[in-house]
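Notes for the one structure printed next.
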Amino acid sequence: MNKEKLRIVSSCQIAKDTVEMVLENDYISKHATPGQFVHLTVDGHTLRRPISIADINREQQTITILFKIIGSGTKRLAAYQVGEYVDALGPSGNGFQLENHSGATILLVGGGIGVPPLYNLGKALAAKGINIISVLGFQTGDYVFYEGKFKALGQTIIVTNDGSYGEKGFVTDVLDDLDFDRYYTCGPVPMLQAITTKLKGKDGYISLEERMGCGVGACFACVIPVNDGNGYKKICKDGPVFHAEEVAL
Ligand code: FES
């Protein structure tokens with residue numbers, strides 16, 4: 001993890017309250033892996049939440065992040081112009097395992113702003129010859145993003161809570177008929193609880209990025225008990241990705 005300056009290459013709103021930003025930085029684009037995050041500082045104001053990396057382009061030395069405008073820090077970040085720089089620590093955390101499972105089928109389940117890190121993961125897995133099924137949940141149709149990008153990786157099911165786009169309900173409502181070897185999921189904790197309960201016994205990994213505070217191991221906001229009763233893990237240092245049975249949600 002380094003302290004770096006990232007140049008904003010592009011910034012645009014791609015769904016309601018949701019901004020996609022492409023940032024140029026040699027070190028982070030070279031070393032980042034799927035599931036890792038960057039810890040951005042905006043005008044000396046540390047964002048409350050570290051932001052996951054949605055895509056990496058090593059040739060163009062860029063990473064892509066997506067964030068939801070939910071407070072003053074993200075509002076300020078959204079106002080940055082192309083060509084300006086933001087400070088960031090990164091790449092941070094331990095990302096997804098990328099073992100070789102050529103021919104296997106992997107299920108990706110994302111909820112809201114938990115969707116972005118799964119895109120980078122899905123791309124990396126698809127490049128290894130792995131079949132991808134994606135289930136992406138959003139509040140309403142206005143919040144849906146990256147549908148086309150996930151469809152390019154494989155079967156993609158969109159679910160909205162109010163049924164204004166795709167299937168109506170929750171991501172857990174559409175899992176019954178899907179056949180897969182392993183799952184990866186990222187999203188709000190209640191969604192992760194529902195998924196790990198429904199898919200109990202299946203091989204799975206969860207990303208707990210929503211639970212992070214400082215992102216650098218200093219605030220203890222992110223500790224989570226491990227399931228064997230043997231202490232705690234720090235999400236920002238030991239995660240954000242864990243085996244689904246490793247930690248107690
Ligand atoms: Fe502060 Fe992990 S988020 S210690």
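The first residue of the sequence shown is numbered 1, and numbering continues consecutively from there. All ligand and atom numbering here is 1-based and tracks the order in the structure.
Residue Glu246 qualifies as enclosed at atom CD: its count of foreign heavy atoms under 6.0 Å is above 12. Heavy atoms of other residues, nucleotides or ligands lying less than 6.0 angstrom from OH of Tyr27 number more than 12.
Within the structure, salt bridge (Lys or Arg N to Asp or Glu O under 4.0 Å) pairs that include any residue of residues 137-157 comprise Glu147-Lys151 (at least two apart or interchain).
A 4.5 Å side-chain heavy-atom check between Val86 and Tyr80 finds at least one atom pair inside the cut-off. The side-chain heavy atoms of Ile28 and Asn2, taken from C-beta on, include no pair separated by under 4.5 Å.
The set of protein atoms (N, O or S) found at less than 2.8 Å from atom 2 (Fe) of ligand 1 reads Cys222 SG, Cys236 SG, by chain and number.
Looking at Gln61, Glu84, Glu24 one by one, the single match for side chain to side chain donor-acceptor pair (under 3.5 Å) with Arg7 turns out to be Glu24.
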